[in-house]
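Positions are given from 1 along the sequence. One-based numbering, in listed order, for ligands and for the atoms of each.
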Amino acid sequence: MINFQFLLTSLEGGIFTITINRPDKLNALNRGVIDELDAAFDLVHDNDEIRGVIITGAGAKAFVAGADITEFISFTPEQAREMSANGHRVFNKIEAAPKPVIAAVNGFALGGGCELAMCCHMRIAGENAMFGQPEINLGLIPGYGGTQRLLRYIGRAKGIELLLTADFVNANDAHQLGLVNHVTSREEMIPKCQSILNKIISKSPLVIDQIIACANSYYNKQEDGFELEIDEFTKCIATEDFKEGTAAFLEKRVAKFTGK
Ligand code: COA
């Protein structure tokens, strides 16, 4: 097994548990986390001892509160494009894993955190889970697939509402919307993931891989939307509104947007 800086990992009974471990930053996805998820999913693809995966976040408050805002605040458009395209590549790799991947959502799953949960095959939400795509508050659009996957899970009407209002939805509402498979108490969340994975991994690894590939193929027909998202995310980085939105977040004040 690889020694990771930002991920805690364990492999027990065929279940590979990945814990994103930056609790003081609410497990925000910096480049190091994305690179390590990339390497971890190379392992998932290649290591036959891994039969199923759980992704969760460290600490009591957050699964992942988004991409690390401090890291891309002064990016050039070229760097923004590379960031978004790289995130898409890694999240597509997670979605294409030939073994079942479950997000155990133990708190905030916002922005890149919601996008990470959505590229997993299933989501089990602890009762304190909160989902949302609040990028619009930063003068930004989602950049890791959120404009596409959210609508595929919860439909066009509610999906557009959440993208445009930045509203959060709690675990029970997310369950009703079809974003979440099950809601559990905090303590039952990981055992529930393990019990689902144990049921699946008693079945044929070949057939599991085939079903995931066929299911992904059904939902990945509109690839253009993902490319458009990368283009539009890149454009945001050069705007005054993005500078204002991210500065306001870091200064803990409300942003004043001008449309420039
Ligand atoms: N990127 C970088 N740092 C982040 C972060 C992110 N996406 N989300 C939270 N943090 C940091 C905060 O800056 C803070 O750091 P500090 O202690 O050094 O000031 C720490 O994590 C705790 O967050 P804080 O905002 O103080 O917690 P809170 O309980 O008041 O609010 C949230 C929790 C999740 C509502 C709030 O952190 C938030 O809105 N985060 C950003 C969500 C977002 O816009 N995600 C999309 C990013 S593209």
### Task
May I ask you to check whether Glu135 has an N/O atom sitting below 3.5 Å from an N/O atom of ligand 1?
no
### Task
Check whether any side-chain heavy atom of Pro23 lies under 4.5 Å from a side-chain heavy atom of Lys61, and answer yes or no.
no
### Message
For His182, is there any backbone N or O sitting under 3.5 Å from a side-chain donor or acceptor partner on His175?
### Response
no
### Query
Under a 4.5 Å cut-off applied to non-hydrogen side-chain atoms, are Met83 and Phe233 in contact?
yes
### Task
List every atom of ligand 1 that sits less than 4.0 Å from any heavy atom of Pro134, numbering the atoms from 1 in the order shown and giving each element.
43 (C), 44 (O), 45 (N)
### Query
Are Val180 and Val105 side-chain neighbours, meaning at least one heavy-atom pair lies under 4.5 Å?
no
### Task
Heavy-atom contacts with Asp68 under 4.0 Å: which atoms of ligand 1 show up? List them by number with element.
1 (N), 2 (C)
### Message
Counting only heavy atoms from other residues, nucleotides and ligands, does the tally under 6.0 Å from CD of Glu251 exceed 12?
### Response
yes
### Smallest separation among heavy atoms of Met118 and Tyr153, with atom names
O-OH, 2.8 Å
### Cation-pi, Phe63 ring and Arg123 (6.0 angstrom, 45 degrees)
no
### Summary
Counting from 1 in the order shown, the ligand 1 atoms closer than 4.0 Å to a non-hydrogen atom of Lys252 are 19 (O), 26 (O)
### Message
Just to confirm my output: which protein heavy-atom neighbour is closest to atom 16 (P) of ligand 1, and how far is it?
### Response
Lys25 NZ, 3.6 Å
### Task
Examine the proximity of ligand 1 to Ala28 and report which part, side chain or backbone, both or neither, has a heavy atom under 4.0 Å away.
side chain
### Task
Measure the distance from atom 34 (C) of ligand 1 to every protein heavy atom, then report the residue, atom name and distance (to 0.1 Å) of the closest one.
Leu110 CD1, 3.5 Å
### Query
Quick one: does Ala65 get an N or O within less than 3.5 Å of an N or O on ligand 1?
yes
### Query
Counting each atom of ligand 1 from 1 as listed, which ones have a heavy atom of Leu138 under 4.0 Å away?
44 (O), 47 (C), 48 (S)
### Query
Quick one: nearest non-hydrogen protein atom to atom 13 (O) of ligand 1, plus distance?
Phe249 CE2, 3.9 Å
#### Entry: Best match, Pro142, Pro23, Ala67, Gly143: closest heavy atom to atom 7 (N) of ligand 1
Ala67
### Query
Taking atom CZ of Arg253 as the centre, does the number of heavy atoms from other residues, nucleotides or ligands within less than 6.0 Å exceed 12?
yes
#### Entry: Minimum-distance pair of heavy atoms, taken over all atoms of Lys99 and Val44
NZ-O, 2.6 Å
#### Entry: Any non-hydrogen protein atom less than 4.0 Å away from atom 31 (O) of ligand 1
no
### Task
Ignoring angles and geometry beyond distance, decide whether Phe108 reaches within less than 3.5 Å of ligand 1 through its nitrogen or oxygen atoms.
no
### Message
Any non-hydrogen side-chain atom of Ile50 less than 4.5 Å from a side-chain atom of Phe41?
### Response
no
### Task
Using non-hydrogen atoms of the residue, decide whether Glu71 is closer than 4.0 angstrom to ligand 1.
no
### Task
Just need the protein heavy atom nearest to atom 1 (N) of ligand 1, so name the residue and atom and give the distance.
Ile69 N, 2.9 Å
### Task
Please identify which atoms of ligand 1 are closer than 4.0 Å to at least one heavy atom of Asp24.
20 (C), 21 (O)
### Message
Within ligand 1, which atoms have a heavy atom of Lys61 less than 4.0 Å away?
### Response
27 (O), 28 (P), 29 (O)
#### Entry: Identity and separation of the nearest protein heavy atom to atom 23 (O) of ligand 1
Leu26 CD1, 3.6 Å
### Query
Taking atom types as modelled and ignoring hydrogens, do the side chains of Arg89 and Asn92 form a donor-acceptor contact shorter than 3.5 angstrom?
no
